[in-house]
Amino acid sequence: MAYGTLSLDSITTSTGQVIGASSASTMKNRIINGDMRIDQRRSGTSFTPPNGGQQYSVDRWSVQFDTAVTSVQRVSDAPTGFQNSLKVTITTATTSGQAFICQNIEGYNWADIMYGSASAKTVTASFWVKSSIPGTYTFAMEDNAGTRCYTATYVINTANTWQYVTVTIPGETTGTNWQYTTGCGVTAIFDLGCASAGTPNTWNTTDTKRASGAVQLALTVGATFQVTGVQIEVGNTATTFDYRDYSREFEMCQRYFCKSYDVNIAPGTATALGMVQGGWQGAPGVGGSWGTTSWPVRMRATPTVSIWDSAGNSGYFSYTYAAAGTSQSLSNNATGWGGLINPSSSGVMLPPTSSQASSLSLYHYTATAEL
Amino acid sequence: MYKLIAIYHYDSNLNRLDTFAVDETFIQRISDNAFIPMDPANKDYQEYLKWVAAGNTPTPAGN
């Protein structure tokens with residue numbers, strides 16, 4: 001029996017679940033860790049990001065404050081249906097330069113939106129926000145070079161109250177700095193008071209992440225901003241947040257950052273749990289071998305690698321010869337033994353221990369291939 | 001601030017394999033001892049190149 005074809009913008013189920021035009025995709029939500037539940041770097045502890053440059057917080061989310069000083073933390077305060085949010089607190093207020101939270105979306109995960117072409121698609125962003133200062137705020141989408149930036153405005157009506165927000169952004173048909181592979185396809189931005197401002201609700205051709213007239217949260221000491229449940233999907237209708245299973249979400253994060261430590265152990269912690277094997281050194285004339293470490297998933301690019309010994313000393317690895325915890329610098333140019341070789345998006349090799357024969361090197365690592 | 005790290009390859013008698021092994025060079029970021037690969041797609045390497053283009057020079061290998 002033949003059946004017809006339904007053409008709908010969205011379907012709302014009896015339980016309130018909304019399936020939209022793009023929901024058939026296995027990646028309806030182009031944002032990774034939109035509910036802020038994965039925090040490999042700090043596991044919920046606060047940090048004060050240094051000024052300048054993007055500083056990573058919870059997985060896939062970074063902040064940049066060129067002059068303002070802030071405290072950034074994954075917290076358990078969240079709207080119904082979520083367990084976590086990302087919270088920024090202003091501790092020193094200034095407005096020079098940039099002030100924002102963002103996620104850089106890889107080109108491979110954005111190429112079908114076809115920015116920079118006549119077929120560029122409309123997308124809709126939805127999220128929950130809470131701020132100590134009500135008013136008009138900016139959610140921006142920007143290319144990798146700061147030559148195209150859409151400054152969508154939204155209004156927070158009440159201080160310190162969770163509010164659901166949706167904004168629809170028309171596809172950008174112009175611009176030549178859109179990237180479609182492993183580069184940054186687009187950046188999703190929550191402005192918190194960038195100094196430069198652009199025309200609201202339009203594609204600006206300048207690096208203006210804040211719409212003119214929008215609140216500059218970074219001007220107020222003690223001001224707070226929280227966000228969670230971030231979703232960006234194709235079409236002009238916001239649908240239910242796409243809860244991906246934890247293991248899948250975690251693996252998606254590991255494409256950009258992974259570590260040897262247990263999930264809730266911060267890198268640099270003194271512990272032997274989770275250490276990986278480096279090289280093995282036999283007695284001279286006997287032999288030895290380099291050790292290979294494979295990343296949990298194929299990473300976006302060859303990552304920056306940091307290592308620690310079991311005592312938490314960065315740049316050192318432990319070796320099992322004498323007392324536990326004996327370690328050696330990985331950058332010992334005096335002996336010529338140092339560094340890592342054959343780094344790639346799949347793994348890296350670590351040398352044997354040069355100073356002690358018949359020993360095995362062990363180390364912790366983080367591998368970072370963020371955009 | 002950065003320094004270059006020379007990587008030498010050795011045989012089992014701890015003799016340097018200059019005859020066939022290709023030595024490699026890594027960049028180490030001094031602030032956190034991170035090893036940065038020379039991959040144009042690596043964001044930290046991009047930052048390193050900007051730092052060099054601004055007139056800075058890394059500490060050479062062996063120092």
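So that the names make sense, note that chain A is the first sequence line, chain B the second, and so on, each numbered from 1.
Remark: N104(A) CG to K43(B) NZ distance equals 5.5 Å, nearest 0.5 Å. Rounded to the nearest 0.5 Å, atoms CD1 (I36(B)) and OG (S306(A)) are 8.5 Å apart. Once rounded to the nearest 0.5 Å, the distance linking OG1 of T182(A) with CG of N42(B) reads 11.0 Å.
Of the residues considered (G183(A), G268(A), P303(A), C184(A)), P303(A) shows the highest number of contacts with chain B, using heavy-atom pairs under 4.5 Å.
Of the N and O atoms on the side chains of T368(A) and D44(B), not one donor lies less than 3.5 Å from an acceptor on the other residue.
Pairing each heavy atom of T304(A) with each of P37(B), the nearest pair is CA-CD, 3.9 Å.
At distances below 3.5 Å, at least one donor-acceptor pair connects side-chain atoms of R300(A) with backbone N or O atoms of A41(B).
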